[in-house]
Amino acid sequence: MNKKKVFVQGNEACVEAALYAGVDFFAGYPITPSTEIAEQLAYRLPKKGGKFIQMEDEISSMCAIIGASLTGLKSMTATSGPGFTLKQEAIGFAIMAEVPCVIVNVQRGGLSTGLPTSVQQGDVMQARWGTHGDHSIIALTASNHQDLFAMTIEAFNLAETYRTPVILLFDAVIGHMRESLIIPEPGELPLVERLKTSVDEKTNYHPYLPREDGRLPMSDFGGVHRYNVTGLMHDMWGFPSTDPRVAYILMHHLYEKIEGHVNEICRMKEFYLEDANCILISYGASARSALHVVQSRRARGERLGLLELQTLWPFPAEAVRQKCERAMYVIVVEMNLGQIMRVVKRAIDDPNKLFLANRIDGELITPQDIKNMLRMIYGKGV
Amino acid sequence: MSVKDYLRERYMPHLWCAGCGHGIVMNNLIRAIIDLGLSKNDIVMVTGIGCSSRISGYLDFHTLHTLHGRALAFATGVKLARPELSIIVPMGDGDAIAIGGNHFIHAARRNIDVTAIIMNNSIYGMTGGQFSPLTGHDKKATTAPFGSIDHPFDTVRLAMGAGASFVARTTTYHVTSMKNILKKAIMHKGFSVVEILSQCPTYFGKKNNMGNAVDMLNDYKTHTVPIGSKKKKENPDLIERGIFVQEEREEYCAEYEMLVKKVKKE
Amino acid sequence: MSMENSAKKGTEENKTGIEINMDWCKGCGICVAFCPHNVLAIDEDNEKAVIQNFDNCNFCGLCELRCPDIAIELV
């Protein structure tokens with residue numbers, strides 16, 4: 001039984017995974033370096049009777065997928081930095097209204113227009129705090145196409161499980177780089193389908209009343225249950241409420257719903273951590289260079305290890321603390337000015353053993369960049 | 001079915017001020033839907049943010065109270081996902097034409113089968129009376145204390161220019177014509193725009209000494225004329241009302257269905 | 001003339017009565033102003049619509065159509 005092996009861009013792998021997960025609605029707007037996702041779904045979705053639409057901007061794209069999701073469709077949008085910024089208000093709405101959907105952000109260089117065809121990982125904090133107000137969010141990333149495929153499936157599964165938007169935070173290198181990918185058989189990877197209410201027509205359905213297991217069954221727009229969806233603070237029927245108790249309960253529910261399940265949501269990969277005295281923490285394209293350094297130094301007997309984060313948010317602080325407990329040095333390898341480094345600093349026991357190997361000039365961070373940092377740490381100078 | 005059967009009575013009385021035209025729009029929109037015999041389960045009402053947008057909370061449909069200016073973008077997602085549903089999108093003048101202007105012209109351009117109702121009270125009411133793109137030259141508002149220097153859109157011509165295949169204007173005085181226009185707009189297969197001049201006695205009326213709700217309604221009676229009326233030639237300031245455009249044109253979701261059929265055969 | 005908020009004559013089927021929902025009515029005066037037969041008035045005490053000359057009423061229903069609060073109904 002030979003599985004289908006393809007040689008594709010990361011963006012294409014994301015499309016294959018989204019289709020595998022059962023995406024039925026995509027709304028997007030052209031923006032480098034994520035446009036290929038829209039282009040391929042424009043081709044693939046109509047063929048399977050799915051819905052594709054190119055909207056007038058990123059705002060309307062994000063709004064459209066929320067509308068579509070409420071009718072029962074798995075829906076997704078894809079963008080890059082500037083578009084991700086435009087989508088923030090609507091992402092906040094999807095969090096408040098607890099609407100499952102997937103937002104792909106293929107990060108590019110610099111802030112503002114920046115370096116559209118270059119790479120950076122500068123939107124990490126925006127993925128966490130881009131929309132206003134207290135909230136929690138799930139953001140996943142990947143450093144190779146096989147993992148990217150798996151993380152995209154995870155994104156759809158987590159979106160349905162926790163009834164929340166999930167952000168796939170890729171970068172231009174992964175998005176545009178070609179690599180081989182083995183496409184799993186249908187049924188091989190578990191999928192989470194939309195949990196529909198079992199309440200019959202005559203009984204009152206509460207769209208925002210969690211079951212004991214915390215899950216929130218949905219009812220499609222157009223179905224037998226008519227309810228309200230709003231961005232206003234709302235009660236369990238979905239109707240606006242200014243009652244402080246309602247606000248207190250809802251705010252904590254939205255926060256704990258995800259922050260309270262960090263372990264279930266946490267995805268990470270470990271390389272040689274068992275006896276590592278110097279641990280690199282990295283993610284996305286940066287993790288490829290970091291792994292290269294770890295493997296080459298291990299070959300020379302140096303006890304280096306790599307902790308590759310696949311779940312950025314909710315940040316697995318306790319797991320990171322434990323894994324770095326015995327390390328003499330911890331080096332965060334990322335292409336920004338230390339956005340994950342700051343979070344690691346709060347997580348690990350001794351912040352003084354933490355270093356940052358980074359790059360923000362639009363070039364992919366190289367093994368040499370990381371080795372230069374190692375030389376500095378070990379007092380050898382560059 | 002009576003009007004009350006369509007209300008979520010537990011949330012009444014509504015929050016609109018005494019004499020606000022928006023209640024008249026809700027009243028007659030329900031009557032239009034009763035006449036059409038539409039099932040409540042087949043209607044999705046999508047609103048934005050502002051006084052007008054609170055209408056969705058009071059009506060017993062699938063209701064989606066979205067973001068300021070973005071109702072039509074949400075509605076496009078709902079409609080394309082479930083074309084068989086009737087999508088009604090009541091918006092305010094600022095909601096639809098200021099912050100929502102880009103989505104308005106593109107929804108019109110696509111001619112997607114959605115009924116956009118612009119409850120035009122010439123002001124931002126919810127935030128306390130600021131001027132909107134439809135307030136009008138020289139009119140006063142909290143952010144135009146000396147009279148607005150802005151010239152308004154002509155919503156009807158904007159909608160026509162953008163490609164809407166059903167465009168009408170009426171007022172909260174002309175309740176019977178409003179109901180009939182709304183019925184046609186909802187049944188129309190394509191992007192329908194119904195601009196309803198709806199009095200705001202609290203802010204627009206007060207700021208511009210237009211008297212109370214009754215006076216403002218009488219103004220609608222005297223200052224508007226049926227399309228093509230001779231009076232309009234004598235007094236160009238009069239506002240024309242009625243159905244300006246009612247054409248059958250390719251509807252976006254129907255086009256998409258055809259595309260899917262064609263592509264699936266390949 | 002008694003200030004009623006509902007009055008009825010004739011049989012059930014045809015709409016020959018008016019009912020005013022005092023909780024919903026905000027006393028805007030629109031029904032009063034546009035009633036062709038001067039049937040309604042605003043009650044000074046509670047500033048709500050009230051039936052003043054029920055005999056004049058020919059059940060045209062304009063009050064019902066024009067009410068912003070859906071507070072007046074032919075029954």
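In the text below, chain A, chain B and the rest are named by the order of the sequence lines, each starting its count at 1. Just so it is clear, the model here is predicted, and its values are computed rather than measured.
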_Atom group of B:E9 that falls short of 4.5 Å from chain C, counting heavy atoms_ = both

*Side chain, backbone, both or neither: which part of B:V214 has a heavy atom under 4.5 Å from chain C?*
both

*Sidechain-backbone polar pair: B:N180 side chain, B:S177 backbone, donor-acceptor under 3.5 Å*: no

*Can a donor-acceptor pair be found between the side chains of B:H22 and B:S52 at a distance below 3.5 Å?*
no

*Answer yes or no for B:R8 and B:F61: cation-pi contact, defined as NZ/CZ to six-membered ring centre under 6.0 Å and angle to ring axis within 45°.*
no

*For C:D69, is it the side chain, the backbone, both, or neither that has a heavy atom closer than 4.5 Å to a heavy atom of chain B?*
both

*Should we count NZ of B:K231 as having more than 12 external heavy atoms under 6.0 Å?*
no

_For B:R169 and B:T224, which I'm curious about, is there any donor-acceptor pair between the side chains at under 3.5 Å?_
no

_Heavy-atom cut-off 4.5 Å, strictly under: side chain, backbone, both or neither for B:N28 against chain C?_
side chain

*Using non-hydrogen atoms only, which part of B:K4 is less than 4.5 Å away from chain C: side chain, backbone, both, or neither?*
side chain

_Less than 4.5 Å to any heavy atom of chain C: does that hold for the side chain of B:T172, its backbone, both, or neither?_
backbone

